[in-house]
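Below is one structure; the comments refer to it alone.
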Amino acid sequence: MPGIVFPKDFIWGCATASYQIEGAFDEDGKGESIWDRFSHTPGKILNGDNGDVACDHYHRYKEDIALMKEIGIQSYRYSISWPRIFPEGKGQYNEKGLDFYKRLTYELLKNGIKPSVTLYHWDLPQKLQDIGGWANRDVTDYFVEYAGLLFEKLGDVVPYWITQNEPWIVAFLGHMMGVHAPGIKDLKTALEVFHNILLSHGKAVGAYRQLNLPGKIGIAPNFSTKYPASDKKEDIEACELADGVLNKWFIYPVFKGTYPEDVVKFYRDRGAHFDFPPEDMKIIGADIDFLAINYYTSEFVKHHPVNGFVEINNELSQFEKTEMGWIIYPKGLYDLLLRLDNDCNKIDIIISENGAAFDDKIDENGNINDVKRMNYIKEHLIQAHKAIEEGVNLKGYYLWSLMDNFEWSFGYSKKFGIIHVNRENLKRTIKNSGYLYRDIIKNNGL
Ligand SMILES: N#[N+]C[C@@H]1[C@@H](O)[C@H](O)[C@@H](O)[C@@H]2O[C@H]12
(Lines give C-alpha, C1' and ligand atoms only; values in the text may rest on other atoms or scores of the structure.)
Protein backbone atom coordinates (compact mmCIF):
# COMPACT_ATOMS: atom_id res chain seq x y z
CA MET A 1 0.00 0.00 0.00
CA PRO A 2 2.30 2.79 -1.25
CA GLY A 3 1.89 6.48 -0.42
CA ILE A 4 0.65 6.32 3.14
CA VAL A 5 1.92 9.48 4.83
CA PHE A 6 1.22 10.26 8.49
CA PRO A 7 0.66 13.81 9.84
CA LYS A 8 3.89 15.81 9.91
CA ASP A 9 4.10 15.91 13.72
CA PHE A 10 3.24 12.23 14.20
CA ILE A 11 5.48 10.65 16.87
CA TRP A 12 7.38 7.44 16.05
CA GLY A 13 8.51 5.64 19.16
CA CYS A 14 9.27 2.36 20.78
CA ALA A 15 8.49 0.99 24.21
CA THR A 16 10.06 -1.10 26.97
CA ALA A 17 9.59 -1.58 30.71
CA SER A 18 12.02 -1.55 33.64
CA TYR A 19 11.68 -5.10 34.91
CA GLN A 20 11.74 -6.51 31.39
CA ILE A 21 15.04 -4.98 30.27
CA GLU A 22 17.07 -3.34 33.06
CA GLY A 23 18.50 -6.19 35.11
CA ALA A 24 20.65 -4.93 38.03
CA PHE A 25 17.80 -6.25 40.17
CA ASP A 26 19.65 -5.60 43.47
CA GLU A 27 22.20 -2.98 42.44
CA ASP A 28 22.82 0.55 43.73
CA GLY A 29 20.33 0.30 46.57
CA LYS A 30 17.34 -0.95 44.60
CA GLY A 31 14.71 -2.66 46.78
CA GLU A 32 13.01 -5.96 45.93
CA SER A 33 10.01 -5.77 43.61
CA ILE A 34 7.05 -8.14 43.48
CA TRP A 35 8.42 -9.37 40.15
CA ASP A 36 11.80 -10.14 41.72
CA ARG A 37 9.93 -12.16 44.33
CA PHE A 38 7.60 -13.81 41.82
CA SER A 39 10.33 -14.75 39.33
CA HIS A 40 12.50 -16.13 42.15
CA THR A 41 9.62 -18.39 43.19
CA PRO A 42 10.09 -21.84 41.59
CA GLY A 43 7.47 -22.77 39.02
CA LYS A 44 6.17 -19.27 38.29
CA ILE A 45 8.20 -18.43 35.19
CA LEU A 46 8.83 -20.61 32.14
CA ASN A 47 12.33 -22.17 32.18
CA GLY A 48 12.92 -20.61 35.61
CA ASP A 49 13.80 -17.29 33.89
CA ASN A 50 13.97 -14.05 35.86
CA GLY A 51 14.80 -10.38 35.42
CA ASP A 52 18.00 -10.39 37.50
CA VAL A 53 20.06 -9.51 34.39
CA ALA A 54 17.38 -9.22 31.65
CA CYS A 55 18.96 -7.15 28.84
CA ASP A 56 21.33 -5.36 31.22
CA HIS A 57 19.89 -2.06 30.02
CA TYR A 58 20.90 -0.59 33.39
CA HIS A 59 24.53 -0.73 32.25
CA ARG A 60 24.06 -0.73 28.44
CA TYR A 61 21.54 2.12 28.09
CA LYS A 62 23.97 4.31 26.10
CA GLU A 63 24.47 1.51 23.55
CA ASP A 64 20.71 1.02 23.36
CA ILE A 65 20.09 4.73 22.85
CA ALA A 66 22.67 4.70 20.05
CA LEU A 67 20.67 1.90 18.40
CA MET A 68 17.46 3.93 18.80
CA LYS A 69 19.20 6.82 17.09
CA GLU A 70 20.40 4.56 14.26
CA ILE A 71 16.79 3.48 13.68
CA GLY A 72 15.63 7.09 13.95
CA ILE A 73 13.29 6.54 16.89
CA GLN A 74 11.85 9.92 17.94
CA SER A 75 10.48 8.99 21.38
CA TYR A 76 11.39 6.27 23.84
CA ARG A 77 8.77 4.96 26.27
CA TYR A 78 10.42 3.48 29.34
CA SER A 79 9.20 2.77 32.82
CA ILE A 80 10.76 3.68 36.14
CA SER A 81 11.26 0.96 38.72
CA TRP A 82 9.52 2.22 41.88
CA PRO A 83 11.77 0.15 44.22
CA ARG A 84 14.86 1.65 42.53
CA ILE A 85 13.61 5.04 43.71
CA PHE A 86 11.98 4.02 47.01
CA PRO A 87 13.50 0.67 48.09
CA GLU A 88 10.92 0.47 50.89
CA GLY A 89 8.17 1.85 48.65
CA LYS A 90 8.01 5.12 50.58
CA GLY A 91 9.99 7.37 52.91
CA GLN A 92 13.64 7.93 52.11
CA TYR A 93 14.40 7.86 48.41
CA ASN A 94 17.49 6.24 46.85
CA GLU A 95 19.72 8.86 45.16
CA LYS A 96 21.60 6.25 43.10
CA GLY A 97 18.35 4.87 41.70
CA LEU A 98 17.14 8.32 40.75
CA ASP A 99 20.53 9.07 39.25
CA PHE A 100 20.18 6.17 36.79
CA TYR A 101 16.95 7.62 35.40
CA LYS A 102 18.45 11.09 35.23
CA ARG A 103 21.39 9.71 33.20
CA LEU A 104 19.03 7.71 30.97
CA THR A 105 16.71 10.68 30.42
CA TYR A 106 19.47 13.18 29.65
CA GLU A 107 21.20 10.72 27.29
CA LEU A 108 17.94 10.48 25.36
CA LEU A 109 17.57 14.26 25.22
CA LYS A 110 21.20 14.60 24.11
CA ASN A 111 20.35 12.27 21.20
CA GLY A 112 17.21 14.14 20.25
CA ILE A 113 14.87 11.41 21.54
CA LYS A 114 11.79 12.51 23.50
CA PRO A 115 11.38 10.65 26.83
CA SER A 116 7.98 9.12 27.59
CA VAL A 117 7.98 7.89 31.18
CA THR A 118 5.67 5.21 32.55
CA LEU A 119 5.47 5.54 36.31
CA TYR A 120 4.14 2.03 36.98
CA HIS A 121 4.79 -0.97 34.76
CA TRP A 122 4.10 -3.69 37.33
CA ASP A 123 7.24 -3.77 39.54
CA LEU A 124 5.68 -2.75 42.86
CA PRO A 125 8.09 -2.58 45.83
CA GLN A 126 7.74 -5.87 47.69
CA LYS A 127 7.61 -3.96 51.00
CA LEU A 128 4.31 -2.44 49.86
CA GLN A 129 2.99 -5.84 48.83
CA ASP A 130 3.82 -6.96 52.36
CA ILE A 131 1.21 -4.46 53.61
CA GLY A 132 -1.42 -5.53 51.05
CA GLY A 133 -0.09 -4.06 47.83
CA TRP A 134 -2.59 -2.36 45.53
CA ALA A 135 -5.47 -3.84 47.55
CA ASN A 136 -4.38 -1.47 50.35
CA ARG A 137 -5.82 1.97 49.59
CA ASP A 138 -2.85 3.62 51.36
CA VAL A 139 -0.64 2.51 48.44
CA THR A 140 -2.42 5.05 46.24
CA ASP A 141 -0.91 7.78 48.42
CA TYR A 142 2.54 6.19 48.40
CA PHE A 143 2.21 6.16 44.58
CA VAL A 144 1.55 9.91 44.63
CA GLU A 145 4.65 10.41 46.84
CA TYR A 146 6.71 8.41 44.32
CA ALA A 147 5.20 10.16 41.28
CA GLY A 148 5.61 13.56 42.93
CA LEU A 149 9.34 13.04 43.43
CA LEU A 150 9.77 12.16 39.74
CA PHE A 151 7.65 15.10 38.63
CA GLU A 152 9.90 17.32 40.77
CA LYS A 153 13.18 15.83 39.51
CA LEU A 154 12.33 15.18 35.83
CA GLY A 155 9.10 17.05 35.18
CA ASP A 156 10.74 19.97 33.42
CA VAL A 157 12.43 17.74 30.77
CA VAL A 158 10.04 14.77 30.30
CA PRO A 159 7.26 15.75 27.87
CA TYR A 160 5.09 12.63 28.21
CA TRP A 161 4.03 10.88 31.43
CA ILE A 162 2.00 7.70 31.67
CA THR A 163 0.74 6.98 35.18
CA GLN A 164 -0.25 3.30 34.94
CA ASN A 165 0.35 0.52 32.45
CA GLU A 166 -2.53 -1.91 31.87
CA PRO A 167 -4.51 -1.71 35.13
CA TRP A 168 -6.67 -4.61 33.99
CA ILE A 169 -3.70 -6.95 33.52
CA VAL A 170 -2.24 -5.97 36.92
CA ALA A 171 -5.59 -6.56 38.61
CA PHE A 172 -6.82 -9.71 36.88
CA LEU A 173 -3.67 -11.60 35.87
CA GLY A 174 -1.92 -10.65 39.11
CA HIS A 175 -4.82 -10.90 41.56
CA MET A 176 -7.51 -13.15 40.03
CA MET A 177 -5.72 -15.60 37.76
CA GLY A 178 -2.49 -15.55 39.76
CA VAL A 179 -0.24 -15.91 36.69
CA HIS A 180 1.44 -12.54 37.26
CA ALA A 181 2.98 -11.09 40.41
CA PRO A 182 1.97 -11.16 43.22
CA GLY A 183 0.16 -14.42 42.25
CA ILE A 184 -3.13 -13.87 44.10
CA LYS A 185 -6.32 -15.65 42.97
CA ASP A 186 -9.26 -13.69 44.36
CA LEU A 187 -11.91 -11.76 42.39
CA LYS A 188 -12.74 -9.29 45.19
CA THR A 189 -9.05 -8.44 45.59
CA ALA A 190 -8.69 -8.02 41.82
CA LEU A 191 -11.58 -5.54 41.74
CA GLU A 192 -10.17 -3.57 44.69
CA VAL A 193 -6.75 -3.51 43.00
CA PHE A 194 -8.22 -2.29 39.73
CA HIS A 195 -10.09 0.50 41.52
CA ASN A 196 -7.08 1.56 43.60
CA ILE A 197 -4.84 1.65 40.54
CA LEU A 198 -7.29 3.96 38.79
CA LEU A 199 -7.54 6.01 42.00
CA SER A 200 -3.75 6.30 42.17
CA HIS A 201 -3.78 7.45 38.55
CA GLY A 202 -6.31 10.18 39.26
CA LYS A 203 -4.42 11.33 42.35
CA ALA A 204 -1.14 11.45 40.40
CA VAL A 205 -2.77 13.49 37.62
CA GLY A 206 -3.97 15.92 40.26
CA ALA A 207 -0.46 16.19 41.70
CA TYR A 208 0.96 16.75 38.22
CA ARG A 209 -1.50 19.56 37.54
CA GLN A 210 -0.55 21.29 40.79
CA LEU A 211 3.04 21.65 39.56
CA ASN A 212 2.12 23.40 36.30
CA LEU A 213 4.65 21.35 34.37
CA PRO A 214 5.09 21.75 30.60
CA GLY A 215 4.44 18.11 29.67
CA LYS A 216 1.38 15.95 29.09
CA ILE A 217 0.00 13.13 31.21
CA GLY A 218 -2.12 10.09 30.41
CA ILE A 219 -2.67 6.41 31.16
CA ALA A 220 -2.05 3.21 29.15
CA PRO A 221 -4.86 0.63 29.36
CA ASN A 222 -4.86 -2.59 27.35
CA PHE A 223 -7.74 -2.92 24.95
CA SER A 224 -8.87 -5.69 22.66
CA THR A 225 -11.73 -5.41 20.19
CA LYS A 226 -14.48 -8.00 20.68
CA TYR A 227 -16.61 -9.46 17.89
CA PRO A 228 -19.59 -11.83 18.23
CA ALA A 229 -18.85 -15.29 16.86
CA SER A 230 -22.26 -15.28 15.15
CA ASP A 231 -25.28 -13.04 14.72
CA LYS A 232 -27.17 -15.09 17.28
CA LYS A 233 -28.66 -12.89 20.05
CA GLU A 234 -26.88 -14.89 22.74
CA ASP A 235 -23.48 -14.42 21.07
CA ILE A 236 -24.06 -10.71 20.56
CA GLU A 237 -24.97 -10.36 24.26
CA ALA A 238 -21.94 -12.45 25.22
CA CYS A 239 -19.74 -10.17 23.14
CA GLU A 240 -21.22 -7.11 24.88
CA LEU A 241 -20.32 -8.66 28.23
CA ALA A 242 -16.78 -9.51 27.13
CA ASP A 243 -16.35 -5.94 25.88
CA GLY A 244 -17.68 -4.69 29.21
CA VAL A 245 -15.37 -6.81 31.31
CA LEU A 246 -12.26 -5.56 29.52
CA ASN A 247 -12.89 -2.35 27.63
CA LYS A 248 -15.89 -0.64 29.26
CA TRP A 249 -14.49 -1.51 32.71
CA PHE A 250 -11.77 1.04 31.98
CA ILE A 251 -13.55 3.53 29.71
CA TYR A 252 -16.56 4.11 31.99
CA PRO A 253 -14.80 5.06 35.25
CA VAL A 254 -12.14 7.16 33.51
CA PHE A 255 -14.39 8.92 31.01
CA LYS A 256 -17.97 8.57 32.34
CA GLY A 257 -17.52 8.70 36.12
CA THR A 258 -19.06 5.29 36.84
CA TYR A 259 -18.51 1.57 36.41
CA PRO A 260 -20.68 -0.12 33.74
CA GLU A 261 -23.81 -1.45 35.45
CA ASP A 262 -24.00 -4.70 33.45
CA VAL A 263 -20.46 -5.64 34.48
CA VAL A 264 -21.03 -4.61 38.12
CA LYS A 265 -24.03 -6.99 38.12
CA PHE A 266 -21.92 -9.69 36.47
CA TYR A 267 -19.42 -9.44 39.34
CA ARG A 268 -22.07 -9.08 42.05
CA ASP A 269 -23.74 -12.25 40.72
CA ARG A 270 -20.40 -13.95 41.30
CA GLY A 271 -20.20 -12.84 44.90
CA ALA A 272 -17.92 -9.84 44.53
CA HIS A 273 -19.52 -6.95 46.40
CA PHE A 274 -17.61 -3.72 46.11
CA ASP A 275 -18.83 -0.25 46.87
CA PHE A 276 -16.35 2.50 46.38
CA PRO A 277 -16.70 6.02 47.84
CA PRO A 278 -18.43 8.14 45.17
CA GLU A 279 -15.78 10.86 45.57
CA ASP A 280 -13.26 8.35 44.18
CA MET A 281 -14.98 8.50 40.80
CA LYS A 282 -14.33 12.23 40.52
CA ILE A 283 -10.62 11.70 41.19
CA ILE A 284 -10.43 8.78 38.75
CA GLY A 285 -12.11 10.90 36.10
CA ALA A 286 -9.39 13.57 36.22
CA ASP A 287 -8.90 15.20 32.84
CA ILE A 288 -5.95 13.67 30.99
CA ASP A 289 -4.05 15.03 28.00
CA PHE A 290 -3.93 11.79 26.03
CA LEU A 291 -5.09 8.19 26.13
CA ALA A 292 -2.27 5.71 25.53
CA ILE A 293 -3.55 2.39 24.19
CA ASN A 294 -1.86 -1.00 24.09
CA TYR A 295 -3.37 -3.01 21.22
CA TYR A 296 -2.17 -6.45 20.10
CA THR A 297 -5.14 -8.53 19.04
CA SER A 298 -8.93 -8.92 18.97
CA GLU A 299 -11.25 -11.69 20.16
CA PHE A 300 -14.29 -13.48 18.77
CA VAL A 301 -16.80 -14.27 21.49
CA LYS A 302 -19.68 -16.68 21.95
CA HIS A 303 -22.21 -17.36 24.69
CA HIS A 304 -21.23 -19.61 27.59
CA PRO A 305 -23.97 -21.03 29.84
CA VAL A 306 -21.99 -20.62 33.06
CA ASN A 307 -19.42 -17.87 32.51
CA GLY A 308 -21.63 -15.74 30.28
CA PHE A 309 -19.03 -15.59 27.49
CA VAL A 310 -16.11 -17.51 26.08
CA GLU A 311 -13.43 -16.27 23.68
CA ILE A 312 -12.90 -18.70 20.84
CA ASN A 313 -9.81 -17.50 18.98
CA ASN A 314 -8.03 -20.82 19.52
CA GLU A 315 -10.80 -22.46 17.46
CA LEU A 316 -10.31 -20.06 14.54
CA SER A 317 -7.82 -21.54 12.11
CA GLN A 318 -8.50 -18.93 9.41
CA PHE A 319 -6.38 -16.31 11.16
CA GLU A 320 -2.59 -16.24 11.32
CA LYS A 321 -1.43 -16.22 14.94
CA THR A 322 1.63 -14.86 16.73
CA GLU A 323 3.84 -16.89 19.08
CA MET A 324 1.56 -15.73 21.90
CA GLY A 325 -1.31 -17.59 20.18
CA TRP A 326 -3.03 -14.26 19.47
CA ILE A 327 -4.79 -13.81 16.13
CA ILE A 328 -3.41 -11.13 13.84
CA TYR A 329 -6.39 -8.84 13.25
CA PRO A 330 -5.31 -5.34 12.21
CA LYS A 331 -8.88 -4.17 11.57
CA GLY A 332 -9.44 -4.56 15.30
CA LEU A 333 -7.08 -1.62 15.79
CA TYR A 334 -9.07 0.52 13.35
CA ASP A 335 -12.38 -0.42 15.01
CA LEU A 336 -10.89 0.27 18.45
CA LEU A 337 -9.59 3.70 17.46
CA LEU A 338 -12.96 4.74 16.00
CA ARG A 339 -14.72 3.49 19.12
CA LEU A 340 -12.41 5.30 21.51
CA ASP A 341 -12.66 8.47 19.44
CA ASN A 342 -16.40 8.26 19.98
CA ASP A 343 -16.48 7.05 23.60
CA CYS A 344 -13.65 9.23 24.91
CA ASN A 345 -14.70 12.64 23.61
CA LYS A 346 -12.17 12.72 20.72
CA ILE A 347 -9.23 12.73 23.14
CA ASP A 348 -5.71 12.65 21.70
CA ILE A 349 -4.64 9.02 21.42
CA ILE A 350 -1.21 7.43 21.17
CA ILE A 351 -0.64 3.77 20.45
CA SER A 352 1.71 3.10 23.37
CA GLU A 353 2.21 -0.56 22.48
CA ASN A 354 1.68 -2.59 19.32
CA GLY A 355 3.85 -5.47 18.17
CA ALA A 356 4.15 -9.22 17.90
CA ALA A 357 6.17 -12.19 19.05
CA PHE A 358 7.43 -14.51 16.35
CA ASP A 359 9.95 -17.33 16.26
CA ASP A 360 12.73 -15.28 14.68
CA LYS A 361 15.47 -17.16 12.83
CA ILE A 362 19.07 -15.97 12.51
CA ASP A 363 20.56 -16.75 9.09
CA GLU A 364 24.14 -17.84 8.35
CA ASN A 365 25.18 -14.19 8.04
CA GLY A 366 23.71 -13.31 11.41
CA ASN A 367 20.78 -11.42 9.89
CA ILE A 368 17.20 -11.77 11.11
CA ASN A 369 14.64 -11.48 8.33
CA ASP A 370 11.52 -11.31 10.52
CA VAL A 371 9.03 -10.91 7.67
CA LYS A 372 6.00 -11.80 9.81
CA ARG A 373 6.75 -8.95 12.22
CA MET A 374 7.37 -6.58 9.33
CA ASN A 375 3.98 -7.47 7.86
CA TYR A 376 2.32 -7.13 11.27
CA ILE A 377 3.73 -3.62 11.68
CA LYS A 378 2.76 -2.52 8.16
CA GLU A 379 -0.76 -3.93 8.39
CA HIS A 380 -1.45 -2.23 11.72
CA LEU A 381 -0.05 1.09 10.56
CA ILE A 382 -2.32 0.96 7.50
CA GLN A 383 -5.31 0.61 9.85
CA ALA A 384 -4.01 3.36 12.12
CA HIS A 385 -3.69 5.66 9.14
CA LYS A 386 -7.24 4.83 8.04
CA ALA A 387 -8.44 5.90 11.49
CA ILE A 388 -6.58 9.20 11.21
CA GLU A 389 -8.26 9.78 7.85
CA GLU A 390 -11.61 9.24 9.61
CA GLY A 391 -10.75 12.06 12.02
CA VAL A 392 -9.28 10.17 14.97
CA ASN A 393 -6.73 12.28 16.84
CA LEU A 394 -4.03 9.65 16.71
CA LYS A 395 -0.76 11.36 17.59
CA GLY A 396 1.84 8.64 17.80
CA TYR A 397 2.85 4.99 17.60
CA TYR A 398 5.21 3.19 20.02
CA LEU A 399 6.29 -0.19 18.77
CA TRP A 400 6.52 -2.98 21.34
CA SER A 401 9.32 -3.63 21.73
CA LEU A 402 12.73 -2.03 21.19
CA MET A 403 14.45 -5.33 21.99
CA ASP A 404 13.71 -8.95 22.87
CA ASN A 405 13.14 -8.96 26.63
CA PHE A 406 11.63 -10.70 29.66
CA GLU A 407 8.07 -11.54 28.66
CA TRP A 408 6.67 -12.00 32.16
CA SER A 409 5.50 -15.57 32.85
CA PHE A 410 6.89 -16.66 29.46
CA GLY A 411 10.39 -15.58 30.43
CA TYR A 412 12.66 -14.98 27.42
CA SER A 413 10.80 -17.47 25.21
CA LYS A 414 8.65 -14.85 23.46
CA LYS A 415 10.50 -12.31 21.37
CA PHE A 416 8.81 -8.98 20.55
CA GLY A 417 11.87 -6.91 19.73
CA ILE A 418 12.90 -5.16 16.54
CA ILE A 419 16.35 -5.73 17.98
CA HIS A 420 17.50 -9.25 18.76
CA VAL A 421 19.24 -9.89 22.08
CA ASN A 422 21.58 -12.88 22.27
CA ARG A 423 20.80 -14.49 25.63
CA GLU A 424 24.35 -15.80 25.99
CA ASN A 425 26.25 -12.53 25.57
CA LEU A 426 23.42 -9.95 25.34
CA LYS A 427 24.71 -8.82 21.95
CA ARG A 428 22.20 -6.60 20.20
CA THR A 429 21.38 -7.14 16.46
CA ILE A 430 18.87 -4.97 14.60
CA LYS A 431 16.33 -7.20 12.85
CA ASN A 432 14.96 -6.45 9.39
CA SER A 433 11.84 -5.15 11.17
CA GLY A 434 14.11 -2.58 12.81
CA TYR A 435 15.38 -1.47 9.41
CA LEU A 436 11.80 -1.39 8.11
CA TYR A 437 10.87 0.84 11.07
CA ARG A 438 13.84 3.06 10.26
CA ASP A 439 12.49 3.54 6.72
CA ILE A 440 8.92 4.11 7.94
CA ILE A 441 10.17 6.83 10.28
CA LYS A 442 12.32 8.39 7.58
CA ASN A 443 9.35 8.45 5.17
CA ASN A 444 6.84 9.28 7.90
CA GLY A 445 4.77 6.49 6.47
CA LEU A 446 4.67 3.45 4.22
N1 LIG B 1 2.31 -9.95 26.11
N2 LIG B 1 2.87 -9.15 25.78
C3 LIG B 1 3.63 -8.08 25.28
C4 LIG B 1 3.47 -6.80 26.14
C5 LIG B 1 4.18 -6.92 27.48
O6 LIG B 1 5.53 -7.29 27.29
C7 LIG B 1 4.09 -5.53 28.11
O8 LIG B 1 4.87 -5.46 29.30
C9 LIG B 1 2.63 -5.22 28.49
O10 LIG B 1 2.54 -3.82 28.71
C11 LIG B 1 1.64 -5.65 27.42
O12 LIG B 1 1.35 -7.00 27.36
C13 LIG B 1 2.00 -6.49 26.36
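The shown structure was predicted, so the numbers you read here are calculated from the model rather than taken from an experiment. Hydrogens, waters and symmetry mates play no part in the numbers below; they use all other heavy atoms, side chains included.
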On the 0 to 90° scale, with breaks at 30° and 60°, tag the [X]-[Y] ring pair as parallel, tilted or perpendicular.
| X | Y | value |
| --- | --- | --- |
| Tyr76 | Tyr78 | parallel |
| Phe406 | Tyr19 | perpendicular |
| Trp168 | Phe172 | parallel |
| Tyr259 | Trp249 | tilted |
| Phe416 | Trp326 | tilted |
| His121 | Trp400 | parallel |

Suppose we call two aromatic rings close when their centres sit under 6.0 Å apart. Are [X] and [Y] close by that rule?
| X | Y | answer |
| --- | --- | --- |
| Tyr227 | Tyr329 | yes |
| His180 | Trp35 | yes |
| Phe6 | His385 | yes |

With sequence neighbours excluded, give me every salt bridge (charged side-chain N to carboxylate O under 4.0 Å, His left out) pair touching residues 6-24.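 Checked against salt bridge (charged side-chain N to carboxylate O under 4.0 Å, His left out) - neighbours excluded - the pairs reaching residues 6-24 are Glu22-Arg84.
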
Side-chain donor/acceptor of [X] to backbone N/O of [Y], under 3.5 Å:
| X | Y | result |
| --- | --- | --- |
| His195 | Leu191 | no |
| Thr297 | Ile327 | yes |
| Lys415 | Tyr412 | yes |
| Thr140 | Asn196 | no |
| Tyr208 | Gly148 | no |
| Ser401 | Ala15 | yes |
| Asn247 | Phe223 | no |
| Arg373 | Ala356 | yes |
| Trp122 | Asn165 | yes |
| Arg428 | Leu426 | yes |

[X] atom [atom1]: more than 12 heavy-atom contacts under 6.0 Å:
| X | atom1 | value |
| --- | --- | --- |
| Lys256 | NZ | yes |
| Lys185 | NZ | no |
| Asp439 | CG | yes |
| Lys321 | NZ | yes |
| Lys96 | NZ | no |

Hey, is [X] close enough to [Y] for a salt bridge, meaning N to O under 4.0 Å?
| X | Y | value |
| --- | --- | --- |
| Asp56 | Arg60 | yes |
| Glu107 | Arg103 | no |
| Asp243 | Lys248 | no |
| Lys361 | Asp359 | yes |
| Arg37 | Glu32 | yes |
| Lys226 | Glu299 | yes |
| Asp335 | Lys331 | yes |

Please evaluate residues Tyr120 and Trp134 with respect to the criterion ring-ring contact (aromatic ring centres under 6.0 Å, His included), reporting the C-alpha separation (whole Å), side-chain torsions for both, the decisive distance (0.1 Å), and the verdict. CA-CA 12 Å; Tyr120 187 72; Trp134 284 111; 5.2 Å; yes

Can you confirm whether [X] sits close enough to [Y] that some side-chain heavy atom of one is under 4.5 Å from a side-chain heavy atom of the other?
| X | Y | answer |
| --- | --- | --- |
| Asp36 | Lys30 | yes |
| Leu119 | Trp82 | no |
| Arg77 | Thr118 | yes |
| His201 | Ile288 | yes |
| Thr322 | Tyr296 | no |
| Met281 | Pro278 | no |
| Lys378 | Leu381 | no |
| Lys90 | Phe143 | no |

Sole residue of Lys431, Arg423, Lys427, Lys414 in salt bridge (Lys or Arg N to Asp or Glu O under 4.0 Å) with Asp404: Lys431

Given Asp280, Asp141, Asp138, the one that forms salt bridge (Lys or Arg N to Asp or Glu O under 4.0 Å) with Lys203: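 Looking at Asp280, Asp141, Asp138, the match for Lys203 under the salt bridge (Lys or Arg N to Asp or Glu O under 4.0 Å) is Asp141.
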
Nearest 0.5 Å, what's the [atom1]-[atom2] distance between [X] and [Y]?
| X | Y | atom1 | atom2 | answer |
| --- | --- | --- | --- | --- |
| Leu436 | Leu446 | CG | CG | 7.5 Å |
| Cys14 | Ile71 | SG | CD1 | 7.0 Å |
| Leu104 | Tyr58 | CG | OH | 11.0 Å |

Intermediate values then yes/no, side-chain hydrogen bond (donor to acceptor under 3.5 Å, both in side chains), Asn444 and Trp12: CA-CA 8 Å; Asn444 194 31; Trp12 295 102; 2.8 Å; yes

Run the ring-ring contact (aromatic ring centres under 6.0 Å, His included) check on Tyr61 and Phe100 step by step: do they pass? CA-CA 10 Å; Tyr61 69 93; Phe100 166 65; 5.7 Å; yes

Tell me which one of Tyr397, Tyr398, Tyr295 satisfies side-chain hydrogen bond (donor to acceptor under 3.5 Å, both in side chains) with Asn354. Tyr397

Worked verdict on Asn94 versus Leu98 for side-chain contact (heavy atoms from CB on, under 4.5 Å): CA-CA 6 Å; Asn94 173 30; Leu98 179 62; over 6 Å; no

May I have the step-by-step check of side-chain hydrogen bond (donor to acceptor under 3.5 Å, both in side chains) for Gln164 and Ser200, ending in yes or no? CA-CA 9 Å; Gln164 290 283 356; Ser200 76; 2.9 Å; yes

Looking at Tyr160, is Lys216 sitting on its ring face, NZ or CZ under 6.0 Å from the six-membered ring centre and within 45 degrees of the normal? no

So, Ser18 versus Ser79: side-chain donor-acceptor pair below 3.5 Å or not? yes

Worked check of salt bridge (Lys or Arg N to Asp or Glu O under 4.0 Å) between Glu192 and Lys188: CA-CA 6 Å; Glu192 285 167 346; Lys188 188 174 182 307; 2.6 Å; yes

Taking it one step at a time, do Asp52 and His40 satisfy side-chain hydrogen bond (donor to acceptor under 3.5 Å, both in side chains)? CA-CA 9 Å; Asp52 291 2; His40 292 157; 2.6 Å; yes

